[in-house]
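To start, the structure itself, in structure tokens.
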Amino acid sequence: MNATAQIAQSPVSVSIGALIERCRSEIATHADRLNGLDCAIGDGDHGTNMLRGFDALLAERELLNALPIDETLVEAGRILVMTIGGASGPLYGTLLIELGRALGSGVVNNEFSSAFQQAVDAVAKRGKSKGGDKTLLDVLYPVADLLDEQHDIEGLPGMAFAFAESTVPLQAMRGRASFLGERSIGHMDPGAASCALLIAAVCRALNEGCRA
Ligand code: ADP
Ligand code: MG
């Protein structure tokens, strides 16, 4: 089944609480690695920041589970802005808030991909950044394109990791890593790495129809 069709069916097959648990667990497992990536080209806190945000989502999972999907996304985005902090908090927060606003109350097949694209554009605007700047946008934009092409959900995690990998040869143009200039080349962007992990976790959860 293609990704957008599967996402459209998700309200019946996957609980928001289970999705939050999966994402939090993925970030917890890889927090040290994300801190390590951020140590190389930033200040070493990206894994810690992300874990703080997903711990906060987990604490609010019952409230988030009870809301309509658009309100869940907006509220989850607000929580991430308040708790992740750093540069990435407002960016991940904007992604979820704008996705919720763009979706409205019903997730209709084919509308998800355009809502996702709108949300990614809002992240770019917020960060004054674009694809190729060595940020999480280097994962979000190509994933948005795959959703638009009705790509199979099974293939998305592997492609998301490949997009994160593709930030290694880039020079950072935004955020702390940009202060390093050419010395930022040769390292994976930590935000791109966390983004790939989260996309993979969400895809796997949707694929398995997890309700835990
Ligand atoms: P901080 O840099 O404030 O310590 P984090 O370490 O949590 O925040 O997040 C760093 C990540 O945020 C980067 O790896 C990059 O992906 C993303 N990022 C930083 N600034 C921008 C920006 N202006 N636009 C898009 N993404 C950005
Ligand atoms: Mg950092």
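Indexing begins at 1, ligand by ligand and atom by atom, following the structure's order. Just so you know, these numbers use all the heavy atoms, side chains as well, and skip hydrogens, waters and symmetry mates.
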Output yes when the distance from some N or O of ligand 1 to some N or O of N49 is under 3.5 Å, and no in every other case. yes

So is G42 in contact with ligand 1, going by heavy-atom distances below 4.0 Å? no

Between G127 and ligand 1, is there a nitrogen or oxygen pair with a distance under 3.5 Å? yes

Ligand 1-proximal atoms of R176, by part, heavy-atom distance under 4.0 Å: side chain

Should you measure from each heavy atom of R174, which atoms of ligand 1 turn up under 4.0 Å away? 22 (C), 23 (N)

Tell me how many protein N, O or S atoms are within a distance shorter than 2.8 Å of the Mg ion (ligand 2). 3

Contact check: G85 vs ligand 1, nitrogen or oxygen atoms, below 3.5 angstrom: no

What part of D43 sits under 4.0 Å from ligand 1 if we count only heavy atoms: the side chain, the backbone, both or neither? side chain

Electrostatic pair D133-K130, nearest N-O below 4.0 angstrom: yes

Short version for V123: what comes under 4.0 Å of ligand 1, heavy atoms counted, is neither

Would you mind listing which atoms of ligand 1 come within a distance below 4.0 Å of any non-hydrogen atom of S88? 5 (P), 7 (O), 8 (O), 9 (O), 12 (O)

When only distance counts, is A87 in polar contact with ligand 1, meaning an N/O pair under 3.5 Å? yes

Under the side chain to side chain donor-acceptor pair (under 3.5 Å) definition, can you give me all pairs with a residue in residues 25-35, not counting sequence neighbours? E26-R204, N35-T48

Close-contact set for ligand 1 against G175 heavy atoms, below 4.0 Å: 19 (C), 20 (N)

Mind checking whether K128 has a heavy atom under 4.0 Å from ligand 1? no

Using a 4.0 Å heavy-atom cut-off, which part of L136 comes near ligand 1: side chain, backbone, both, or neither? both

